[in-house]
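Take a look at the structure set out below.
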Amino acid sequence: MTDEALRERVRSLMPRAREDLATMVGFRSVHDPQQSPPEECDRMVDWLKAAFSELGFTDVDAHETSDGSKAVVGHRAGPEGAPTVLLYFHHDVQPPLGEDEWDSPVWSLTERDGRWYGRGAADCKGNIAMHLTALRALDGDIPVNIIIVGEGSEEQGTGGMEDFVPRHPELLRADTILVCDSGNFAVGKPSLTTSLRGMANIVVTVEALSSAMHSGMFGGAAPDALAALIAMLATLRDADGNTTVTGLDSTATWSGIDYPADAFRNDANVIDGVDLLGSGRVSDMVWARPAATVLGIDCPPVVGSSASIVPKARARINLRVPPGIDAEFAQDALIAHLTDAAPWHVKVSIEREADGAPFTGATSGAAYDTMVDAMSRAYGTDVTLMGQGGSIPLCNVFADTYPDAEILLLGVEEPQCLIHAPNESVDPTEIENMAVVEATFLREYATRR
């Protein structure tokens with residue numbers, strides 16, 4: 001099949017891709033029984049089992065993992081001696097995060113201004129639609145072995161798949177692993193993600209008084225736990241916004257593509273007149289350097305607050321850790337930094353919440369070369385190597401479990417998708433182009449090895 005014929009085949013399948021995505025978006029597959037009925041995740045799993053079985057996958061089954069989520073695994077045999085490609089995706093989604101902020105129904109795929117809106121439309125159900133479209137386009141002529149694995153709790157970060165993979169190494173063993181939970185630098189700009197920051201989360205609690213005290217009678221001499229916490233958190237950044245955790249290098253630079261400041265401001269929804277952070281380029285700040293973010297603070301809300309000194313306050317902090325820095329070392333450094341920054345000898349206790357190592361993907365090898373060629377042909381332009389500020393801990397588990405496998409990160413999730421935010425969407429041209437890319441890769445990879 002020529003490139004042109006493959007393109008036409010994929011294009012003819014796009015109405016089916018939209019139907020698939022509309023069905024998937026309709027499943028409220030948030031893996032958290034406090035936010036969504038577990039039956040919604042089960043419906044999504046059953047749909048996946050049927051969809052991939054229809055494409056010739058055998059033993060398509062749901063495997064319960066340690067966190068109670070279900071991983072969908074299936075196999076499709078290629079010619080004898082053919083290499084094996086693992087296609088990864090996750091089928092759970094983020095909660096809506098404020099349904100009143102959506103401009104169209106959260107759980108109904110809605111087309112607007114050329115994009116398809118709905119929770120999971122990009123992350124990661126758009127990638128599932130891409131997989132299905134690529135496989136259908138090849139119409140059974142697939143010269144490699146394929147394994148699919150669909151994670152059921154990626155968005156919750158509860159580690160079910162990270163536990164499952166090393167316990168079942170032969171079930172998922174592959175020569176190449178395509179982690180399809182990423183995307184291009186921009187619509188129409190083909191990209192491979194070669195770097196992921198890790199993370200180190202903590203919860204810090206500050207105590208100063210045994211109870212709230214009247215601010216008029218005691219304010220001025222009595223220590224204020226909230227003020228102490230604010231002072232501690234303020235030391236995590238300098239005046240330019242650089243993260244300043246003692247012992248962590250915040251001067252590294254990104255050697256790949258630059259991220260233009262104007263494009264970043266638009267992608268990040270930065271309000272006009274507000275400065276970007278840091279003394280480096282945007283690509284340095286989001287891909288090569290650590291970044292501390294205060295995710296939440298427990299303290300009295302403004303409405304209903306009393307004229308009292310706050311006796312106890314706490315904050316949850318996320319530290320993103322770039323390649324080259326050990327995540328556990330970074331977490332230790334953050335704990336030491338905040339402990340040393342505490343004023344007035346307030347009582348400080350710190351809980352280690354989570355940590356995950358940074359990751360560096362393949363930048364050479366048969367799979368890498370095949371993918372770069374497939375991308376450049378499908379998009380008609382050179383391929384960009386980029387980083388991602390987010391974390392995918394499973395990538396490191398794959399690398400540890402299958403050290404000889406090439407691991408490539410790609411997908412349909414370009415910045416305008418607004419993944420995890422209200423009004424998540426996907427550009428259907430990205431599903432089409434990336435389906436062409438994946439189909440081309442599956443068709444040609446075996447000949448490159």
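Start at 1 with the first residue, then count along the sequence. Note that the structure is predicted; figures quoted are calculated from it, not measured.
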Which residues share a ring pair (Phe, Tyr, Trp, His ring centres under 6.0 Å) with [X], sequence neighbours left out:
X	answer
His91	none
Tyr379	none
His75	none
Tyr88	none

Looking at [Y] and [X], is any side-chain nitrogen of the basic one under 4.0 Å from a carboxylate oxygen of the acidic one?
X	Y	result
Asp46	Arg43	no
Arg448	Asp369	no
Asp20	Arg16	yes
Arg9	Glu432	no
Arg352	Asp332	yes

Any pair counted as ring-ring contact (aromatic ring centres under 6.0 Å, His included), so long as it reaches residues 239-280, sequence neighbours left out =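 Qualifying pairs, neighbours excluded: Phe185-Tyr259, Trp254-Trp287, Tyr259-Phe264, Tyr259-Trp287.
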Please confirm whether Arg112 makes a cation-pi placement over Tyr117, using NZ or CZ under 6.0 Å from the six-membered ring centre and within 45° of the ring normal.
->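 Yes, Arg112 sits over the ring of Tyr117.
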Flag if over 12 foreign heavy atoms under 6.0 Å of CZ, Arg237 = yes
Within a reach of under 6.0 Å around CD of Glu328, are more than 12 heavy atoms found that belong to other residues, nucleotides or ligands?
->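 Not more than 12 within 6.0 Å, no.
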Are a donor atom and an acceptor atom from the side chains of [X] and [Y] found within less than 3.5 Å of each other?
X	Y	result
Asn184	Glu430	yes
Glu413	Asn127	yes
Glu101	Asn423	no
Thr176	Tyr445	yes
Ser283	Asp258	yes
Asn318	Thr293	no
Ser279	Asn242	yes
Glu438	His131	yes

Could you check Thr193 against Ser182 for side chain to side chain donor-acceptor pair (under 3.5 Å), going step by step and ending with a plain yes or no?
-> CA-CA 7 Å; Thr193 297; Ser182 182; 2.7 Å; yes
Pairs of donor and acceptor atoms involving the side chains of residues 139-150, under 3.5 Å and at least two apart or interchain, shall be tabulated with distances.
residue : atom : partner : partner atom : Å
Asn145  : OD1  : Gly78   : N            : 2.7
Asn145  : ND2  : Ala82   : O            : 2.8
Asn145  : ND2  : Thr84   : OG1          : 3.4

Per the side-chain contact (heavy atoms from CB on, under 4.5 Å) rule, which among His90, Arg119, Met44 passes with Ser29?
->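 One option only clears the test, and that one is Met44.
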